[in-house]
Structures are given as structure tokens and as C-alpha cells.
Amino acid sequence: MVTVAVRRLNLDQPSGESLLDWIDRSRYMLLPNTAGCYTAEEAIRAARLGREAGLSNLVKVEVIGDQKTLLPDTSALLEATRVLV
């Protein structure tokens, strides 16, 4: 399994120019994640973009609460998870 930060991918690039072109999807399952999101709304949007781009129906939800320590915002994490479920 390979985790992929949806916010860090350029999903509009033509074939051969994306990180995804270098991953053998027959060998590895992609797990999009919402790394780099600071609100529940951003995380929900990133998760939905990953699904619509065909990465996976599964997602690793992350919402940053503290920019310095990168600790999660647990209430936003729960909110995003409730909406996505």
C-alpha cells in the first residue's frame, strides 16, 4: 500500500508526468490521504477529489490542528470522518 497526499498531486498532468505513472497499481494499492489540510472542509474536499480521480474509495483522514507540532485537530478530524462515512 502506498499513501498519496491528494493535495500534493497534480491530477491534471498528462500521462508520463505524474508521480502516479511510476507506481505499479497492479502491485500496490493507493491510499489517498488528506495530509496538509487544516480544516474539516479541506479534508472532505481532498478525500472526495482522491475518490473522483480514481485513487481509491478508502482514505486516510488527517486534519492538522497545530502548525508547529502538526498534532491533529481531533474535533475537525471527527467532523470530516462523519461526513465522509
Side-chain angles (χ1 to χ4, degrees):
M1 184 174 288
V2 176
T3 60
V4 179
V6 176
R7 291 177 52 99
R8 309 272 189 258
L9 287 176
N10 185 349
L11 299 172
D12 291 334
Q13 290 184 353
S15 182
E17 296 182 20
S18 172
L19 171 67
L20 298 177
D21 294 329
W22 297 94
I23 298 172
D24 182 357
R25 294 180 76 174
S26 66
R27 285 187 69 192
Y28 303 103
M29 178 181 173
L30 295 179
L31 180 66
N33 69 42
T34 62
C37 295
Y38 286 89
T39 66
E41 293 79 18
E42 286 180 325
I44 293 164
R45 187 177 310 111
R48 289 178 174 164
L49 283 171
R51 181 187 61 214
E52 294 302 317
L55 299 179
S56 176
N57 287 328
L58 302 175
V59 66
K60 177 183 175 188
V61 182
E62 300 178 28
V63 181
I64 298 171
D66 185 312
Q67 192 169 8
K68 183 177 179 182
T69 64
L70 302 180
L71 288 171
D73 178 340
T74 53
S75 61
L77 181 61
L78 288 172
E79 179 186 343
T81 302
R82 280 189 201 109
V83 170
L84 292 168
V85 168

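Neither V2 nor L58 shares a network with the other; the hydrophobic side chains, linked directly or stepwise wherever heavy atoms of I, L, V, M, F, W or Y lie under 4.5 Å apart, form separate groups for each. Placement of M1 and V6 in two distinct hydrophobic clusters is found when ILVMFWY residues are connected by side-chain heavy-atom separations under 4.5 Å, directly or transitively. In the hydrophobic clustering of ILVMFWY residues, with side-chain heavy atoms under 4.5 Å counting as a link, L49 and V4 come out together.
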Hey, can you pull the donor-acceptor pairs under 3.5 Å for the side chains in residues 34-44, sequence neighbours left out?
{"residue": "T34", "atom": "OG1", "partner": "E62", "partner atom": "N", "Å": "2.6"}
{"residue": "T34", "atom": "OG1", "partner": "E62", "partner atom": "O", "Å": "2.7"}
{"residue": "T39", "atom": "OG1", "partner": "E42", "partner atom": "N", "Å": "3.1"}
{"residue": "E42", "atom": "OE1", "partner": "Y38", "partner atom": "N", "Å": "2.6"}
{"residue": "E42", "atom": "OE1", "partner": "T39", "partner atom": "N", "Å": "3.3"}

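Listed by chain and residue number, S75 satisfy the side-chain hydrogen bond (donor to acceptor under 3.5 Å, both in side chains) test with D73 (two or more places apart in sequence, or in another chain).
Here the CZ atom belonging to R7 is positioned 8.5 Å from the CZ atom belonging to R45, to the nearest 0.5 angstrom. Note: L31 CG to N57 CG = 11.5 Å, rounded to the nearest 0.5 Å. To the nearest 0.5 Å, the span separating CG on L55 from CE on M29 amounts to 10.5 Å. Here the CZ atom belonging to R51 is positioned 10.5 Å from the OG atom belonging to S56, to the nearest 0.5 angstrom.
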